[in-house]
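Below: one structure, written as C-alpha cells.
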Amino acid sequence: MNNILFKIRNRVRLSGTNSVSISRGARIRKCDISIKGNNNKLIIKNGVNIKGSKIEINGNNCSIIFEENTVIGENCYFSSREKDTLISIGKNSMFSRNIKLMTSDGHDIFCDEKRINPAKSIIIGEHVWLADSVTVLKGCNIGDGSVVGINSLVTKDIGENKIAAGVPAVEIKDNIHWDEKLTFS
C-alpha cells in the first residue's frame, strides 16, 4: 500500500523501533493505529479489509498479524501489549462490528507481592467468524472454522468447527461449517 495514502486514510502514530508491513492488496481505512515501544510488528496481508477500527501495540516484541482475506467490521479494537504478546488472526476470517481482542488487562494485579495477571497471546484460527460485540480475552485461542455468537465473552479456548456463545462463551455445537453466502431456502 502506498505509505502516503495509508497515512492519509488512517490516523497513525508510531514511536520507537517498530515495523509495519501492509500488503498492496489490503484495504485499511479510517483506522486509529498506535504503535509504541520497540521491536513491535503490525502485519496486514493481501486481501485484508479493515475499516474504522483501533489497532494498538504498546510494549516490546509484540505483534498483530492479520492473515489473507480477513474482513474486520467497524469499531473493532485490537490490543497487543506488554512483552512478547501476539494477536494472530487466521486467513479468511470474518469479524462483525464491535469486536475486542486484548492480550493484557491494562494494569497489574498483585497477590503476596507477585503479579497474578500476566499478558498472554491470542490466536484466532482460519475461517473464524466472530459475531457482533464479541470480546476475546488474553490467552484464548479459537480453532479453525468456528463461530462465536453475538455478545459472547471468550475466556477459554474454543475448539475447531464449533459454535460457542454466552458469557462466558461455551461450546454449544460440534462439527459445523459456515459460509459467507446467505441462502434463502
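Below, all heavy atoms of this structure are taken into account, side chains as well, without hydrogens, waters or symmetry copies.
- Here CZ of Phe78 is found 6.0 Å from CG of Leu101. Values are rounded to the nearest 0.5 Å.
- If you take CD1 on Ile65 and CD1 on Ile89, they are separated by 10.0 Å, rounding to the nearest 0.5 Å.
- Asn10 places a side-chain N or O within 3.5 Å of a backbone atom of Ile28 that can act as its donor or acceptor partner.
- In this structure a side-chain-to-backbone donor-acceptor pair under 3.5 Å is missing from Ser63 to Leu86.
- With 3.5 Å as the limit, one finds a donor-acceptor pair spanning the side chains of Thr85 and Ser80.
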Indicate every side-chain donor-acceptor pair of residues 154-168 with a distance under 3.5 Å to a residue at least two apart or in another chain.
unit_1, atom_1, unit_2, atom_2, d
Asp157, OD1, Asn141, N, 2.8
Asn161, ND2, Ile176, O, 3.2
Lys162, NZ, Asp174, OD1, 2.6

>> If you apply the rule salt bridge (Lys or Arg N to Asp or Glu O under 4.0 Å), what do you find for Glu82 with Lys36, and how did you get there?
In response: CA-CA 10 Å; Glu82 297 193 36; Lys36 300 175 189 172; over 6 Å; no
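- Ring geometry for Trp178 versus His127: interplanar angle under 30°, hence parallel rather than tilted (30 to 60°).
- With Ser121 contributing its side chain and Lys138 its backbone, the two residues share no donor-acceptor pair below 3.5 Å.
- Clustering of Ile, Leu, Val, Met, Phe, Trp and Tyr by side-chain heavy atoms under 4.5 Å joins Ile109 with Ile116.
- One N or O on the side chain of Ser93 and one on the backbone of Gly125 form a donor-acceptor pair closer than 3.5 Å.
- Partners of Phe95 by ring pair (Phe, Tyr, Trp, His ring centres under 6.0 Å), not counting sequence neighbours: none found.
- Heavy-atom minimum distance, Asp32 versus Arg13: OD1-NH1, 2.7 Å.
- We find the CG-CD1 distance between Asn49 and Ile72 to be 9.0 Å, quoted to the nearest 0.5 Å.
- Side-chain atoms of Asp105 and Asn117 include a donor-acceptor pair closer than 3.5 Å.
- Criterion: ILVMFWY side-chain heavy atoms under 4.5 Å apart, direct or through other members. Under it, Ile123 and Val128 are not part of a common hydrophobic cluster.
- Lys45 contributes no side-chain N or O that, together with a main-chain N or O of Gly25, makes up a donor-acceptor pair within less than 3.5 Å.
- The backbone N or O of Asn61 sits less than 3.5 Å from a side-chain atom of Asn40, completing a donor-acceptor pair.
- Without hydrogens or angle criteria, Ser133 side chain to Asn151 main chain gives no donor-acceptor distance under 3.5 Å.
- Residue Phe66 holds its CZ atom at 10.5 Å from CD1 of Ile124, rounded to the nearest 0.5 Å.
- When only modelled atom types and interatomic distance are considered, Ser34 and Glu56 share no side-chain donor-acceptor pair under 3.5 Å.
- Remark: Asn175 CG is loosely packed, at most 12 non-hydrogen atoms of other residues, nucleotides or ligands lying under 6.0 Å away.
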